[in-house]
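Report on one structure; see the data block that follows.
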Amino acid sequence: MTLRRLAVYVPLIVAALFFLLPVFVMLFTSFKTLDEIRVGDLLALPASPTIEPWLSAWQSACVGLNCNGVRGFFLNTALMVVPAVIIITALGAVNGYILTQWPFPGHKLVFGLLLFGCFVPFQSVIIPMARVLGLTGLQNSIPGLVLVHVVYGIGFSTLFFRNYYDQFPRELVKAAQIDGANLFQIFWRIVLPVSGPIAVVCTIFLFTNIWNDFLFGASFTSGSNTPIMVALNNIVNTSTGVREYNVHMATAMITALPTLVVYIVSGKYFVRGLMAGSVKG
Amino acid sequence: MATINCFRVGKRFGGLEVLKDIDLVVEEGEFLVLVGPSGCGKSTLLGLIAGLEEISSGDILISGRSVKGIHPSERDIAMVFQSYALYPSMSVGANMAFGLEMRKIPKEAREHRVAEVAKTLQIDHLLNRRPGQLSGGQRQRVAMGRALVRDPQVFLFDEPLSNLDAKLRVEMRTEIKRLHQSLKTTMVYVTHDQIEALTLATRIAVLKDGILQQHGTPNEIYNRPRNRFVAQFMGSPSMNLIPAILRRQDGTATAHINRKTEQAITLPMPPSVGSQLADGAAIEVGLRPETITDVTASEENGFVAFECVADVVEPAGSDTFLITRLGDKEIAARIRAETQVVSGDRVRLSIDRTKATFFDAGSGMRLAAAHEV
Ligand SMILES: Nc1ncnc2c1ncn2[C@@H]1O[C@H](COP(=O)(O)OP(=O)(O)OP(=O)(O)O)[C@@H](O)[C@H]1O
Ligand SMILES: [Mg+2]
């Protein structure tokens with residue numbers, strides 16, 4: 001290895017270790033018994049590994065007064081994230097398609113406003129949003145959270161798809177027009193089939209963001225309706241009884257697992273070159 | 001088959017006027033080639049005929065019917081794009097059938113038609129492939145095939161061969177010509193390759209800066225260009241334009257080409273041409289390279305001989321091009337390949353004065369002879 005490569009890789013490895021270390025600690029701790037945690041070394045491997053903390057986190061840990069583990073909250077989050085990501089990505093694709101291929105008077109302004117939506121700080125909309133949710137009867141509900149995330153996500157997904165479709169050859173749309181396809185058919189048959197890469201990027205981005213959201217979940221829901229992020233906080237911050245660090249760590253791992261899986265799985269589908277061959281070589 | 005009438009067609013993009021008052025008639029079964037330098041508005045005009053862009057002023061009629069407000073798919077046209085514009089996610093067969101599918105032609109009829117066209121274009125073995133798996137030449141054929149299956153009234157081509165290598169381009173050119181001869185469909189073809197224009201067209205329209213410069217048969221465009229621009233744009237190497245002075249004496253007119261160190265050249269002009277300008281007027285003599293040759297003992301045959309020093313010699317196989325200077329201008333002459341010349345040699349060349357054309361140096365317009373008007 002040359003000196004140059006060394007200069008690149010050494011800092012990278014150091015940085016990676018720096019970020020991975022807490023993950024290791026979490027992982028080890030989640031497989032230890034409480035006794036071992038009390039006496040043992042933080043960095044040591046579990047002496048007698050047990051999955052008890054994971055089972056407890058999943059089905060019997062107490063969140064507030066409710067001692068059924070985080071499974072219900074996990075489901076809440078899934079029911080929030082999946083529809084939200086699908087709706088936002090679909091809307092972003094349609095927006096991006098129209099903004100690039102069928103520009104209408106004022107399309108730049110519309111895009112500008114959508115983009116502006118990306119930069120509005122979360123905190124500033126909490127009170128107005130709570131009022132809107134109250135008026136629509138969606139307060140303290142998962143559909144309410146889906147609505148909030150959709151409103152917030154459209155700006156980002158539109159930005160992604162607009163930039164991607166901007167590279168889409170105009171001549172393809174013209175050819176399809178001559179062939180007699182209408183606006184929707186062109187989108188469905190010609191544009192959408194080559195949108196895989198950007199849909200994956202958009203999905204990863206939205207999935208992680210929405211899954212990891214705490215503020216909206218904590219602001220607009222309570223009790224058994226909260227997403228898992230809020231439940232995790234509630235477990236960890238319980239003031240009664242013994243602090244079960246192993247259960248806390250297992251809960252945190254469970255909470256973080258889906259985003260990890262999405263990264264690993266989607267990465268494989270990040271196929272490039274789907275556009276190859278449509279235009280000159 | 002159809003006619004196309006463009007009547008004072010204008011197109012503006014915001015404040016930018018891209019086409020100005022284009023009047024153009026394409027007769028039934030004609031092969032019209034639109035040529036002009038990059039950015040002159042060729043694609044825009046084609047887009048207006050196709051209905052992909054909205055016309056700003058004037059009107060376009062296809063088969064006598066105004067197509068204003070008529071959707072591209074209802075104009076009964078098919079178009080081949082420069083980039084081919086094949087749908088990347090569909091197989092070749094699906095690409096070709098797409099237009100028929102959108103027109104709700106039953107599947108069986110579609111497949112039959114696609115197979116038929118694929119066979120004539122020799123792409124029947126490619127029907128299941130994706131565009132990405134094809135070579136440039138194959139993609140070009142598929143793009144043609146997609147236009148052909150629809151059997152439209154008018155074919156529009158936007159530089160369909162410009163992405164092919166030289167050899168393939170010549171082959172496809174012949175194939176397109178053959179296609180036109182067998183289909184006899186009206187075609188409008190955009191190119192900025194003047195050889196393509198001359199070989200394919202039954203008529204050529206030359207555009208510059210959105211203005212129609214000339215519309216005529218290849219022969220007219222080549223031999224009787226309306227102005228300096230058309231003269232220089234068509235033909236390769238392009239026409240030599242040599243500054244000269246018009247002299248009128250005793251009812252005859254001549255063009256004098258002054259040369260610094262050598263003897264001046266005097267070319268007689270047809271009376272009807274010479275009489276259009278006053279004595280002493282600045283003109284330009286237009287001489288195509290093939291009208292300046294190394295024919296010997298030719299003076300009595302209507303040739304005017306002169307001597308010059310060969311500057312650059314460019315053998316081109318069947319002929320040799322010789323670059324030299326005449327009247328302060330660099331000119332190209334086409335001499336026989338057998339003639340042995342090297343750079344720096346003194347050579348004697350002859351101008352075929354019957355082929356000389358004359359331009360008003362001021363306006364750039366060609367001075368037409370009496371029998372032409
Ligand atoms: N959508 C548009 N908006 C603004 N200007 C345009 C648009 N389309 C074309 N133009 C301008 O119109 C002029 C003519 O363009 P056009 O594409 O017709 O040229 P062309 O003759 O086909 O050139 P080329 O040989 O390079 O293809 C150019 O100056 C171009 O910049
Ligand atoms: Mg063009």
Side-chain angles (χ1 to χ4, degrees), chain A residues 89-90 93-94 96-98 100-109 161 163-201 269-281, chain B residues 43 46-47 49-53 71-90 92 94-105 129-140 142-143 146-147 149-150 152 154-156 158-160 162-165:
Chain A
T89 308
V94 173
Y97 167 64
I98 298 293
T100 55
Q101 306 296 330
W102 302 90
F104 49 91
H107 71 277
K108 283 195 176 141
L109 180 72
F161 278 95
N163 288 354
Y164 186 75
Y165 290 153
D166 207 34
Q167 313 295 321
F168 192 83
R170 301 285 184 281
E171 288 192 342
L172 280 176
V173 173
K174 290 182 179 176
Q177 269 179 281
I178 292 176
D179 269 343
N182 62 31
L183 181 141
F184 179 75
Q185 286 167 322
I186 295 173
F187 179 62
W188 193 251
R189 298 285 303 274
I190 291 154
V191 177
L192 211 54
V194 293
S195 307
I198 195 65
V200 170
V201 170
Y269 294 102
F270 203 95
V271 197
R272 286 207 217 159
L274 280 176
M275 297 293 285
S278 65
V279 288
K280 59 183 158 171
Chain B
S43 298
L46 211 61
I49 297 172
L52 298 168
E53 300 278 358
H71 191 266
S73 65
E74 275 142 35
R75 296 187 178 196
D76 207 1
I77 48 143
M79 187 156 170
V80 177
F81 293 89
Q82 180 175 7
S83 66
Y84 313 143
L86 301 177
Y87 310 130
S89 59
M90 296 183 202
V92 167
N95 259 281
M96 289 172 66
F98 190 68
L100 300 177
E101 189 190 337
M102 290 298 119
R103 285 173 174 73
K104 307 214 160 53
I105 311 280
R129 295 219 206 145
R130 292 285 160 96
Q133 301 164 313
L134 303 179
S135 72
Q138 289 170 332
R139 280 178 212 171
Q140 210 285 328
V142 175
R146 191 171 62 182
V149 287
R150 293 235 332 269
V154 178
F155 281 105
L156 305 174
D158 195 353
E159 306 198 32
S162 63
N163 289 322
L164 301 180
D165 62 55

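Letters A, B, ... are given to chains in the order of the sequence lines, protein chains preceding strands, and every chain is numbered from 1.
- The aromatic rings of A:Y165 and A:F161 are tilted relative to each other, their planes meeting at an angle between 30° and 60°.
- In this structure, B:E101 pairs ionically with A:R189, as a charged nitrogen and a carboxylate oxygen lie closer than 4.0 Å.
- Relative orientation of the A:Y97 and A:F187 rings is tilted, given thresholds of 30° and 60° on the angle between their planes.
- Proximity to chain A (any heavy atom under 4.5 Å) is restricted, for B:A78, to the backbone atoms N, CA, C and O.
- Screening residues 176-187 of chain A for salt bridge (Lys or Arg N to Asp or Glu O under 4.0 Å) gives A:D179-B:R150 as the qualifying pairs, with residues at least two apart or on separate chains.
- When heavy atoms are compared at a cutoff of 4.5 Å, B:Q138 does not approach chain A at all.
- Neither the backbone nor the side chain of B:L134 comes within contact range of chain A; no heavy atom of the residue lies under 4.5 Å from a heavy atom of that chain.
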